[in-house]
Participant: 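Structure incoming, see below.
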Amino acid sequence: MDLYSENDKQVIKIYNSLKQVIDPELDVNIIDLGLVYSVKFNEETGIVITMTLSSKGCPMGDIIMKNMEDVLTEDFPESKNTIDLVWEPKWTSDFISPKGKKELGR
Amino acid sequence: MLNANKNTNSSSTIVITHFLTSAIIFFLITVLLSLSSQAFIGHYFQPKILAITHLTTLGWVTLIIFGALYQLIPVIAGKELYSVKFSLITFICFVTGTLLLAFSFWYFIVGFLLQLAAILLFVGASLFVINIFLTIQKSMNDNIETDFILSAVYWLWLTVFIGMLLAFNLTHAFLPKDHLHYLKIHAHVGILGWLLLLIIGVSSKLIPMFLLSGKLDTKKMSFAYYFLHAGLVGFLVDSFFFNGISRVLIYLLLVIIGIAFYIAYLVQAYKKRVRKKLDIGLKHSFISFIFIAIPLTLIVLLNSNIIQDPKLSLQISIAFGFSVFFGFITLLILGQTFKTLPFIAWHKKYEKFSGKIKTPLPKDLYSEKLAYWQLIVFTIGYMTTITGILLSKVFIIQAGSCILVCAAIIYNINVFKVVLHKPQALNIK
């Protein structure tokens, strides 16, 4: 029996795809940094990503978001994508994955 | 914020121009320093020291700060810079004014040329204040960093205004008290009001961001803000209307308490950091924060009547100025350049190569090895020069300043490496 629906599989693919996008200052991908809060997918709405940045003044914010759009457009050309930038909950270092922390030298 | 960043990118050429020009001026300063070592023994009010001091404060420190602010203010404020054209006029006025001023002081031509330089600087500073004020005013972001920066910008205006009065006073002598009295006020307002407040404001935003420090207690920064202002305003009012220079220790104490709160904030950021490994830019910064202890010790010594020898007192005065501008501010800038300039240049050069295209990282645009050598060579040069100043030994000052020339060359090579970086030369898949 397949545990995952087709949509779930697509969401996993999107997460993996977004791992290609790195924060140029930290050299760690945005998934391991915990910047992506949620990824939703269905046929009608397409890909909807809720994400944040490590700080409101992050000068690389626009580059990161542009990279996300480019990656999604290339890997999922049939789906439209929407990226919602949110500031709540506020990002903290607790959101970084163990792998991300290791890469940052913790 | 996304819009603000895009617009900030459009002004990156002017930002890079500021960084490049100030790097060249920094090299010029170290060369002039090595050519005028003798001037660092004796009274500080003399042509070569005045020329080097103004070249340092305006052409090196202020110019690079202007460049950095044009990039940072829109990020902090969440709004685009009010006017790129204003920033260009400010740049022209400042560079021309600074070079004319330094030339006038070096040859001590105190007439029209000096006054013209002062007017150009005043016009440039006024336009800068208007530009920053109108940018921040448009912002809804109300935070302590913005308060620091905005206050610093007003203090800059006052510093340049007093400087302009002094330039005219040298030939017309219209100020009621003696020239050195106002020179001290001019210097203190410039160092504390403009440079220190600005550095504190900018670094309190950038350092936690670079270290990934998470949530910090900003009350410490608010205390720092009020203590520093109490010291500065108290000193200024007392100096202008009474004879406050004799009560300077009280104001100095208030300023030191303010700095202590700021240092406590940085320590908190350091302890809470996720990024354990400090890169070379941050190593420069943290060493410069440790070096704050040197000018603070010197100024306490100067004002506490411990030093009875007037000759030594003069040397300590010069060493104080040197330790503020070189030991603290220059070292901080040398490091922060490689935390900011590569990002600005990278943003400009690689924005179009985004997505899946493999690009180098901003840190790949400069040589980390050279930056390490810069730190070592600069620290040796600084320590040697300040030792020479305190011991009144010309040959030690000469040796130290020659080492500083080497540090400036290393810095310039790295800055030009970043600016001249060509994306097409890289292996972009």
Side-chain angles (χ1 to χ4, degrees), chain A residues 16-30 32-35 51-77 81 83-87 89-106, chain B residues 1-9 12 68 71-78 139 141 143 145-146 202 204-206 208-216 272-279 281 339-340 342-344 346-348 350-365:
Chain A
N16 283 329
S17 183
L18 288 175
K19 282 186 179 176
Q20 296 168 87
V21 180
I22 60 156
D23 181 319
E25 153 70 3
L26 302 172
D27 199 9
V28 177
N29 75 65
I30 58 168
D32 283 321
L33 280 176
L35 296 180
M51 67 163 299
T52 192
L53 295 169
S54 56
S55 86
K56 270 192 179 177
C58 177
M60 288 294 162
D62 58 338
I63 284 278
I64 291 173
M65 291 172 75
K66 190 168 180 292
N67 284 358
M68 289 170 73
E69 278 175 17
D70 289 347
V71 163
L72 294 173
T73 308
E74 191 166 330
D75 289 0
F76 308 96
N81 61 72
I83 300 172
D84 290 329
L85 182 63
V86 296
W87 300 111
K90 194 180 174 195
W91 181 89
T92 76
S93 56
D94 296 337
F95 298 169
I96 305 174
S97 72
K99 182 173 168 278
K101 283 177 180 166
K102 202 178 162 188
E103 286 176 32
L104 286 166
R106 190 167 202 172
Chain B
M1 199 205 78
L2 200 59
N3 287 339
N5 282 334
K6 276 176 181 165
N7 286 310
T8 307
N9 192 33
S12 57
Q71 183 73 20
L72 187 69
I73 289 281
V75 171
I76 291 180
S139 151
N141 291 359
N143 52 46
E145 298 98 349
T146 314
V202 171
S204 64
K205 175 75 189 175
L206 290 183
M209 198 168 90
F210 290 143
L211 291 173
L212 286 179
S213 300
K215 199 168 165 54
L216 299 172
K272 285 191 168 184
R273 76 195 193 280
V274 174
R275 247 182 145 175
K276 293 295 172 192
K277 202 179 163 200
L278 295 184
D279 59 28
K339 295 295 298 173
T340 47
F343 281 86
I344 298 160
W346 184 89
H347 208 281
K348 189 175 159 72
Y350 287 102
E351 196 188 26
K352 54 182 183 270
F353 300 113
S354 57
K356 277 190 159 179
I357 296 168
K358 183 82 178 160
T359 64
L361 294 172
K363 68 180 172 65
D364 299 327
L365 268 61

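Residue numbers begin at 1 in each chain, while the letters A, B, ... track the order of the sequences. This is a predicted model, so every value here is computed, not measured.
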Participant: To the closest 0.5 Å, what do you measure between NZ (A:Lys101) and NZ (B:Lys276)?
Facilitator: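 Taking NZ in A:Lys101 and NZ in B:Lys276, the distance rounds to 10.5 Å.
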
Participant: Identify which part of B:Lys339 has an atom lying under 4.5 Å from any heavy atom of chain A, answering side chain, backbone, both or neither.
Facilitator: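 Looking at B:Lys339, just its side chain touches chain A.
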
Participant: Which distance, rounded to the nearest 0.5 Å, do you find between the CZ of B:Arg273 and the OG of A:Ser93?
Facilitator: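 Nearest 0.5 Å value for the CZ-OG distance: 12.0 Å.
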
Participant: Heavy-atom distance under 4.5 Å to chain B: side chain of A:Ile96, backbone, both or neither?
Facilitator: side chain

Participant: Could you tell me which of A:Ile22, A:Thr73, A:Val21, A:Asp27 has the largest number of non-hydrogen atom pairs under 4.5 Å with chain B?
Facilitator: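 So the answer, after comparing A:Ile22, A:Thr73, A:Val21, A:Asp27, is A:Asp27.
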
Participant: Find the distance between CZ (B:Phe210) and CG (A:Leu26) and round it off to the nearest 0.5 Å.
Facilitator: 10.0 Å

Participant: If you take all heavy atoms of B:Pro362 and A:Pro24, which pair is closest and at what distance?
Facilitator: CD-O, 3.5 Å

Participant: State, with a plain yes or no, whether a side-chain heavy atom of A:Trp91 is found less than 4.5 Å away from one of B:Leu212.
Facilitator: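 SC-SC contact between A:Trp91 and B:Leu212 confirmed.
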
Participant: How many angstroms lie between atom CG of A:Asp23 and atom CG of B:Leu361, to the nearest 0.5 angstrom?
Facilitator: 9.5 Å

